[in-house]
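Heavy atoms only: backbone and side chains are in, while hydrogens, waters and symmetry mates are out. Throughout, protein chains are lettered first and strands after them, A, B, ... in sequence-line order, and every chain is numbered starting at 1. In this text, all values refer to a predicted model and were calculated from it rather than measured experimentally.
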Protein chains: 2
Amino acid sequence: MRIEAAQGGEPISVLDLPGMILEPPSRGPVARDVARRAGVSTATVSRVLNGSAGVRADKREAVMRAAQDLGFVANGAARALSTRRFMAVGAVVPNIENEAFVRVLSSFQERLRQAGYTLVAANAGYDLDDELREATFLLERGVDGLMLVGDIHHPDLHARIASTGIPMVQTFSLSQQRPCVGFDNAASAARAANYLMDLGHRRIGVISGLRKDNDRGGARVIGIAQALAARGLSLAPEHDIEISYGIGGGRDGFRQMLAGGPPPTAIICGTDQIAFGAMIEARARGLAIPGDLSVVGHNDSDFAPFLDPPLTTIRIHSAEIGHAAGDHLIARIQGKPVVRLTEIDAELILRASTAPPR
Amino acid sequence: MRIEAAQGGEPISVLDLPGMILEPPSRGPVARDVARRAGVSTATVSRVLNGSAGVRADKREAVMRAAQDLGFVANGAARALSTRRFMAVGAVVPNIENEAFVRVLSSFQERLRQAGYTLVAANAGYDLDDELREATFLLERGVDGLMLVGDIHHPDLHARIASTGIPMVQTFSLSQQRPCVGFDNAASAARAANYLMDLGHRRIGVISGLRKDNDRGGARVIGIAQALAARGLSLAPEHDIEISYGIGGGRDGFRQMLAGGPPPTAIICGTDQIAFGAMIEARARGLAIPGDLSVVGHNDSDFAPFLDPPLTTIRIHSAEIGHAAGDHLIARIQGKPVVRLTEIDAELILRASTAPPR
DNA sequence: TGGCTATCTGAAAGCGCTTTCAAAAAACGC
DNA sequence: GCGTTTTTTGAAAGCGCTTTCAGATAGCCA
């Protein structure tokens, strides 16, 4: 790592840098300056800049020009204070680096942006206390709406949101009580299990990410167990593995599973990364896929179709979830009617990593 | 997709939902309410809530309790207006779904968060006009600092930032003029080229992402071309491929390259995804890696060590870049001295996808 | 041109917090 | 116990914008 001062000397003081302010950051020109320059009042400046009708063309232009000349940038805080709308929406996701959440955030933001809102995203790290802290942080910032993931939260969270009066929407899983956009995690995982059973598999294993405080992960395993039970089978404890996310986690998980006794003929993994890791480990052990082991993933990541063999996976329509959540929240903020529950079904994508057992 | 109304009827009106407000969203209790309840003035409330010294313990507690009881959440806009600090920092990245940028944003946010700042991230989509628009949007929101990626921007962007007087930092590439945290893209790519030449390769190809308005991608190709030239070799036009990002892009890119004439014995790819795609295509054509083709990627993505063979790649220390950029900006915001340029070297990670040519 | 209506415009009052400044209270010294 | 010093406290003045409301202008018709 190289750290270099400006002219080969010691670190430059911040004072030497352009655009550097110390105390009360004196931001640029304000509406009053524009008004003076255009020979009107601040009221008119406001009207022009907000596009409200009823300003004579000549004044309008004078204001526009003055604002342009001065490089005027309105002070968002003042505007927010005055209008009592921040034009910002918050989102707290378990892991901001997780592909599925990134895709949701991205499409969510797309919609917000179109409606003139800013997205402020925060990371909860699969910890309820952290989630509460981050959400509170956003509420203090004054967001006009809030997106959360899942149904399990800190007991105080909903009260705190309610006390600010802003709308929230839950994503990724469905809820009986709250507005939500998501899918039935148990049902979609069960669908995968049923598919595997239809192929003839009897010993099916699960490798999921951490399930603590994670209703999605938990629901998936429950869904699978129920689907098995419905056909008189069961999920053996040694075939029910919980690991941390990632390719490495998948390898470890499958290794653990093999250590537990007779291997399953098929596994369902919590993410495609986990599935990838499990496939690597399986191959290292000389197991053929799908001959000796069928593998199902979750998410339909970019690389899933390119694995060898291409991975059968449950595709979560992240972009649609993000769009729907964004539309929902904006409608609520704008006081329009909305539906409480939007289900966006996950879909089982069949590829070559699954086949009947030998 | 299922859209379900609350009780099997038509969509519920927003009015039926809890936490729903129409006109001037009347947010919860304000400082005045807390003051009244605690029997003090708003000045004291402010002092307590901001932890400033000089408030008697009993009053402090009364205020705390009142705030707690009321579920008071301070209005960030009012605070920002008053302190003239928004406690938010903006970042505009080319693609918010790109792994490298996500990692930088994540570590950047980590630092901001520790200092009490909020990250507001926006997406420029590799388009200069969009970048200007998003940056302006953030400036209007009142961010206290701004992080940008790369050295190529809309001609008006720097003027606009300067007119607000907030500090900015550029990441991923170095700059002669502006504060920056990054690395020398040309040099690190050249290092990969030299390594390949040291192995004995003479025909080296490049598959990069789109290079328009992307100084990093461009610099890398230039660095490679210069390294080749320094040893009397050259980058053949048919071995210089530009494609859109992604695994599919990598496959297409390598296919194009093969169509252009005699294949190179080694390629350097703009991302690991591209490298992955190229490897798939190479294998489909019966080329052995690294026997017939050595492959180098960029970024050291999660999956790079798990490819078959494990991918040699240029690791970009995204987390460090994000941390350094965050620290830099916070220091500037707080008026502390900073260094203008921080170089965080990319590193060539040797794995099994590279070997001497046959 | 005068009278009346329809448009425009600006003064002023907030929005909810921070912060200064002076007054009030507490602590101290003798 | 009284004057003085040190803490605490509250009143009030912003921060920069939006928005109401009433007054000023312009437009229209006879």
Side-chain angles (χ1 to χ4, degrees), chain A residues 21 23-63 66-67 70 72-87 116 139-142 144 163-165, chain B residues 21 23-63 66-67 70-87 116 139-142 144 164-165:
Chain A
I21 290 87
E23 270 321 277
S26 78
R27 295 286 174 72
V30 300
R32 165 143 232 98
D33 301 321
V34 176
R36 196 156 17 220
R37 191 173 228 271
V40 300
S41 72
T42 61
T44 298
V45 170
S46 172
R47 278 189 274 257
V48 171
L49 266 28
N50 291 299
S52 42
V55 176
R56 236 174 34 216
D58 56 336
K59 301 229 171 198
R60 155 164 273 116
E61 274 173 25
V63 170
L70 261 36
F72 173 71
V73 176
N75 179 316
R79 172 176 292 163
L81 181 57
S82 191
T83 60
R84 311 217 229 153
R85 296 179 173 272
F86 225 83
M87 300 307 281
L139 293 177
E140 286 184 358
R141 287 291 173 287
D144 299 312
S163 95
T164 68
Chain B
I21 292 87
E23 267 325 274
S26 78
R27 296 283 174 75
V30 300
R32 164 144 234 98
D33 301 322
V34 176
R36 196 158 16 221
R37 190 173 228 270
V40 299
S41 72
T42 61
T44 297
V45 170
S46 172
R47 279 189 274 258
V48 171
L49 266 28
N50 291 299
S52 41
V55 176
R56 237 175 34 214
D58 57 335
K59 300 234 169 193
R60 156 164 272 116
E61 273 173 27
V63 171
L70 261 36
F72 173 71
V73 176
N75 180 317
R79 172 176 291 163
L81 181 57
S82 191
T83 59
R84 310 216 230 151
R85 299 180 171 270
F86 227 82
M87 299 307 282
L139 293 178
E140 286 183 359
R141 287 291 175 284
D144 298 312
T164 69

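- Between the P atom of C:dC17 and the CZ atom of A:R141 lies a distance of 14 Å, rounded to the nearest Å.
- The two atoms that bring B:F86 and A:A77 nearest to each other are CE1-CB, 3.3 Å, heavy atoms only.
- No side-chain heavy atom of B:N75 sits less than 4.5 Å from a side-chain heavy atom of B:V30.
- Here the C1' atom of nucleotide C:dT18 and the CG atom of B:N75 are 13 Å apart, to the nearest Å.
- A straight line from CZ of A:R79 to P of D:dC15 spans 19 Å, rounded to a whole angstrom.
- Here D:dC17 presents its P atom at 15 Å from CZ of A:F86, a figure rounded to the nearest Å.
- Residues B:R47 and B:V40 have side chains not in contact (no heavy-atom distance under 4.5 Å, counting atoms from C-beta outward).
- Note on A:R84: every side-chain N or O is 4.0 Å or more away from OP1 and OP2 of C:dC15.
- At whole-Å resolution of the value, CD in B:E61 and P in D:dT8 are 15 Å apart.
- In this model, a side-chain donor or acceptor of A:S82 finds a partner on the base of C:dG14 within 3.5 Å.
- Taken from CG in A:L81 to CG in B:L81, the straight-line distance is 5.5 Å, to the nearest 0.5 Å.
- Contact between B:P29 and B:L70 at its shortest, heavy atoms only, is CG-O, 3.3 Å.
- We find the CZ-OG distance between B:R32 and B:S41 to be 9.0 Å, quoted to the nearest 0.5 Å.
- In this structure, B:R85 atom CZ and D:dC15 atom C1' are separated by 14 Å, rounded to whole Å.
- Among the atoms of the strands shown, only primed sugar atoms or phosphate atoms (P, OP1, OP2) are found under 4.0 Å from some heavy atom of B:A74.
- Closest heavy-atom contact between B:S52 and B:R60: O-NH2, 3.4 Å.
- Distance, A:R56 CZ to D:dA26 P: 6 Å, rounded to whole Å.
- For the pair B:R32 CZ and C:dC17 C1', the computed distance is 12 Å after rounding to whole Å.
- An angle of 30°, rounded to 10°, separates the two end axes of the helix from C:dT1-D:dA30 to C:dC30-D:dG1, each defined over five pairs.
- Near DNA chain D, meaning a heavy atom under 4.0 Å away, the residues from residues 42-50 of chain B are B:A43, B:T44, B:R47.
- Comparing C:dT9, D:dG10, D:dG16 by their closest approach to the side chain of B:K59 singles out D:dG10.
- Of all non-hydrogen atoms in A:V34 and A:A67, the two that sit nearest each other are CG1-N, 3.9 Å.
- Of the possible polar contacts, one joining the B:T83 side chain to the B:R79 backbone as a donor-acceptor pair under 3.5 Å is found.
- Of all nucleotides listed (D:dC15, D:dA26, D:dA11), D:dA11 comes nearest to the side chain of B:S41.
- Remark on DNA chain D: of its neighbouring residues B:G39 and B:L81, the 5'-side contact belongs to B:G39, judged by nearest-heavy-atom nucleotide.
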